[in-house]
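Here is the structure we will look at.
Below, chains carry the letters A, B, ... as their sequence lines are ordered, and counting in each starts from 1. Note that these values count all heavy atoms, side chains included, but never hydrogens, waters or copies made by symmetry.
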There are 4 protein chains.
Amino acid sequence: MVSTAVSAVVPNRRPRIEGDREAEILDAAVRVPADVGYDRLTMDMVASEARAGKATLYRRWQNKAALVVDAVSRAKGIPSPDMPSTGTLRGDLLASWCGREGWSSTLPMSVMGGLMTALHNDEELGAAFREIFSGPRQALARRVFEDVRDRGEIADGVDLDLVMSLLPAVCVHHEFVLNRALDDVFVERVIDAVVLPACHAEQSTAQAGVEPARTVRTAK
Amino acid sequence: MVSTAVSAVVPNRRPRIEGDREAEILDAAVRVPADVGYDRLTMDMVASEARAGKATLYRRWQNKAALVVDAVSRAKGIPSPDMPSTGTLRGDLLASWCGREGWSSTLPMSVMGGLMTALHNDEELGAAFREIFSGPRQALARRVFEDVRDRGEIADGVDLDLVMSLLPAVCVHHEFVLNRALDDVFVERVIDAVVLPACHAEQSTAQAGVEPARTVRTAK
Amino acid sequence: MVSTAVSAVVPNRRPRIEGDREAEILDAAVRVPADVGYDRLTMDMVASEARAGKATLYRRWQNKAALVVDAVSRAKGIPSPDMPSTGTLRGDLLASWCGREGWSSTLPMSVMGGLMTALHNDEELGAAFREIFSGPRQALARRVFEDVRDRGEIADGVDLDLVMSLLPAVCVHHEFVLNRALDDVFVERVIDAVVLPACHAEQSTAQAGVEPARTVRTAK
Amino acid sequence: MVSTAVSAVVPNRRPRIEGDREAEILDAAVRVPADVGYDRLTMDMVASEARAGKATLYRRWQNKAALVVDAVSRAKGIPSPDMPSTGTLRGDLLASWCGREGWSSTLPMSVMGGLMTALHNDEELGAAFREIFSGPRQALARRVFEDVRDRGEIADGVDLDLVMSLLPAVCVHHEFVLNRALDDVFVERVIDAVVLPACHAEQSTAQAGVEPARTVRTAK
DNA sequence: CAATAAACGAGACGGTACGTCGAGTCTTCCT
DNA sequence: AGGAAGACTCGACGTACCGTCTCGTTTATTG
């Protein structure tokens with residue numbers, strides 16, 4: 001479990017100024033690896049950058065990965081939930097994904113890449129990451145998409161979880177698998193060519209009549 | 001550059017059975033980490049599993065990541081290029097993604113997660129990975145999609161590269177970011193709800209008249 | 001300088017029961033390490049054993065070694081100066097060294113071994129130790145030996161300081177260097193075979209005529 | 001167990017030049033702490049002085065103490081067993097204890113003080129120390145004393161082990177407990193005033209008739 | 001009796017060294 | 001000659017303990 005969660009749940013005996021030092025350390029942790037990347041980042045670097053003892057680091061975070069997850073989450077900030085609607089799904093997506101505040105500006109994208117290993121090896125850490133980092137972002141996205149559906153812009157029967165994940169999925173793939181730079185132009189194209197069509201598609205099982213999937217699957 | 005390329009281009013001094021030992025080592029490398037994941041895999045493990053000296057490993061591969069990339073590529077195998085067309089895009093996709101031979105069966109998905117770090121930190125390695133692993137798969141997919149387009153099943157103006165990447169993108173995101181298991185049912189749903197709609201969408205810039213993106217972007 | 005001196009000299013602002021708490025802590029310090037030895041003893045152990053804060057410990061003693069020196073001194077107790085004479089040197093030595101009250105019963109001999117390091121590295125601490133621990137014992141011994149000499153049992157010209165130190169020296173060597181258990185039988189043998197002969201020896205420089213040390217020393 | 005013993009007993013699979021690197025490291029270990037003392041000496045210091053990895057140190061020695069014991073033993077050297085007899089016990093003792101080659105020159109006396117802790121806490125290490133360091137010295141001394149006894153210079157019934165230990169005992173006590181510098185003059189005085197009288201004393205149980213120890217011990 | 005200020009318990013903190021582990025290199029021996 | 005075996009350097013990891021510091025909380029003396 002990551003510290004943020006812990007300090008929120010467990011009422012520490014001595015509240016202290018509460019999270020004071022923690023914040024400084026996380027800042028330092030983000031400051032340091034901006035240029036080095038996750039696994040060239042050492043705990044000693046963070047410690048000396050924050051003028052902290054390593055013991056202090058390990059008292060609050062179980063290990064390096066946990067600290068970095070926390071630091072990255074803080075650095076990216078939780079997207080402001082009071083994002084004003086632009087009236088259309090297209091507008092909302094562009095607003096939240098493009099520009100200085102958008103996903104593209106996720107400064108430590110390289111750091112996230114480095115975390116993949118740890119996130120997959122340590123189930124608990126992965127859970128913390130999804131809770132702290134992905135969670136709020138998904139919640140925000142879901143709210144946006146629900147609003148839009150309620151306004152009738154999304155066809156009935158469309159799997160909200162799926163369409164919601166399209167933009168992140170394509171962007172992550174673009175960045176990590178294809179190793180291509182992400183820019184606003186690309187994001188816009190994806191929205192127009194993928195997300196909106198998926199939202200407007202008739203019920204996704206409509207084509208079942210054309211050709212049953214059974215055939216293929218039984219073939220294997 | 002990774003060994004496969006090297007050993008293909010450079011005529012090894014000692015002809016030997018040619019690549020014989022290499023294959024054994026790669027097999028060992030896949031055998032070992034099936035359960036441990038990339039960074040719990042050590043070179044010593046591979047060496048002793050293959051009954052080889054570490055020096056031998058480093059003689060053929062520049063480092064651990066290069067070896068694992070090679071091993072994973074071999075293990076997954078290059079998809080057979082002579083996949084018969086089923087007559088529809090939907091059928092072709094289901095055929096190549098589902099079942100025992102499909103993406104879902106990519107055994108060392110956990111290993112790939114571990115490689116992310118290395119792929120991002122080492123540009124050369126990333127290139128090798130994309131060439132050896134992604135390359136053939138993308139080429140195959142491209143051939144399929146081009147065939148389909150030539151048969152008229154994909155609207156004009158659709159960005160082939162983009163729609164081609166949709167299925168992998170969503171699957172990778174599902175597995176790595178959401179940490180959910182991939183199965184044939186999910187793949188089928190994605191095909192129906194995302195890929196096909198994107199293929200049938202009218203020219204992706206058509207909606208520009210409805211509402212110019214400019215407006216929104218300037219708004220932020 | 002060690003606390004005992006300090007607290008005696010400086011009139012504490014708040015008189016309190018005066019030294020009350022100090023005694024409790026020293027007792028705790030002796031209680032704890034009975035089985036662990038000096039450097040497996042931690043200040044936290046002492047603190048929690050005494051239900052005291054570490055700050056309290058460091059307010060009274062400069063460091064761990066100072067505390068342990070004090071604790072050991074107290075534990076051993078200062079030998080009662082009113083030891084009755086038995087009429088012979090042999091009797092006095094046996095009386096003060098053997099039995100339950102004797103040196104052999106110096107419970108924290110293992111602790112003393114652990115102090116060696118600190119005593120040698122920290123000159124000030126060593127001085128305090130010699131003053132608090134060795135001092136009173138030497139003074140007592142000196143009084144005994146002087147009495148005995150006055151009674152004529154020790155030859156003139158014998159170096160009192162030297163013969164005084166023989167028994168402690170041999171015992172310490174036995175225990176620490178040879179690592180053999182000390183018991184009353186051994187102490188008695190040393191008295192008879194070493195201490196008494198040295199006391200009865202004619203003037204120790206008498207043999208200088210026999211063979212001058214010069215010869216050898218110049219030889220080097 | 002300490003490395004010397006190990007490498008002597010266990011026939012290493014690969015003999016190597018045998019002890020090559022080990023010797024270099026021990027030299028470095030002695031070079032470093034000459035001025036700092038045992039516990040200000042760190043493994044990293046030794047490692048970097050010897051241009052060795054810490055892992056190498058820990059592969060050969062179980063811990064810091066074991067390494068230092070080995071290093072000290074080597075540095076002091078095993079006393080040459082072919083010391084020529086001077087014809088008298090007094091001469092032999094002076095020859096072996098005084099001068100540049102003597103005990104006084106035991107350079108790392110401060111280091112030894114630091115080892116006391118470890119020697120007492122770690123039984124195995126203490127045993128190794130006594131075997132490697134004390135052993136040869138005691139053996140040499142025993143040979144000298146036996147020769148002397150055979151020549152008739154030591155009275156019958158004298159406990160050789162005891163008189164043998166007198167000089168070391170008094171010197172160690174002088175140095176460690178009294179914290180006084182050891183010099184040749186002091187050594188000579190001890191020989192004359194303590195060792196020789198003990199050697200010439202009549203059978204050590206002779207005094208039993210004078211006054212039985214029982215009396216005193218029952219008195220307590 | 002209430003206010004005040006020192007001393008206190010608790011324990012977080014900076015720092016330093018420990019002992020472990022893995023990557024990648026280098027050496028020795030064997031076949 | 002080339003490879004297996006494995007020792008080697010390097011450097012990060014996570015732990016332990018020291019001695020300092022900062023909290024709130026007694027506690028005893030004062031007003």
So [Y] and [X], do their side chains get closer than 4.5 Å, heavy atoms only?
X        : Y       : result
C:Met43  : C:Leu67 : yes
D:Phe133 : D:Val72 : yes
D:Arg60  : D:Asp70 : no

Which nucleotide sits closest to the side chain of [X]: [options]?
X       : options                : value
B:Asn63 : E:dG24, F:dC18, E:dT20 : E:dG24
D:Ala52 : F:dA7, F:dT9, F:dT20   : F:dT9
A:Arg21 : F:dG14, F:dG6, E:dG14  : E:dG14
A:Thr56 : E:dC13, E:dG22, E:dC18 : E:dC13
B:Arg51 : F:dA7, E:dG19, F:dA5   : F:dA5
D:Ala55 : F:dC18, E:dC21, F:dC8  : E:dC21

Nearest whole Å is fine: how far is [N] [atom2] from [X] [atom1]?
X       : N      : atom1 : atom2 : value
D:Glu22 : F:dC8  : CD    : C1'   : 15 Å
A:Trp61 : E:dC13 : CH2   : C1'   : 13 Å
D:Leu57 : F:dA7  : CG    : C1'   : 13 Å
B:Met43 : F:dA4  : CE    : C1'   : 15 Å
C:Asp44 : F:dC18 : CG    : P     : 7 Å
D:Gln62 : E:dG19 : CD    : P     : 9 Å
C:Glu24 : E:dC8  : CD    : P     : 11 Å

Return no unless some side-chain N or O of [X] is found under 4.0 Å from OP1 or OP2 of [N].
X       : N      : result
A:Arg60 : E:dC13 : yes
D:Tyr58 : E:dG19 : yes
C:Arg40 : F:dC17 : no

Sugar-phosphate only, base, or nothing, as touched by C:Lys64 at under 4.0 Å among non-hydrogen atoms: sugar-phosphate

Shortest non-hydrogen contact from A:Ala28 toward A:Glu49: CB-CG, 3.5 Å

Exercise: identify the closest heavy-atom pair between D:Ala47 and D:Gly53: CB-C, 4.4 Å

Residue mapping more 5' on DNA chain F - nearest nucleotide basis, A:Met45 or B:Ala47: B:Ala47

Along DNA chain F (nearest heavy atom to each residue), the more 5'-positioned of D:Ala50 and A:Arg59: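 It is D:Ala50 whose nearest nucleotide is closer to the 5' end.
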
Any N/O donor-acceptor pair, A:Lys54 side-chain to E:dG14 base, under 3.5 Å: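 Between E:dG14 and A:Lys54, which were checked side chain against base, a qualifying N/O pair under 3.5 Å is absent.
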
5' priority, DNA chain E, between D:Thr42 and B:Thr42 [closest heavy atom]: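 The residue mapped nearer the 5' terminus is D:Thr42.
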
Identified side-chain contact (heavy atoms from CB on, under 4.5 Å) partner of A:Trp61 from the options A:Leu26, A:Thr56, A:Val68, A:Val46: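 Among A:Leu26, A:Thr56, A:Val68, A:Val46, the one that satisfies the side-chain contact (heavy atoms from CB on, under 4.5 Å) with A:Trp61 is A:Leu26.
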
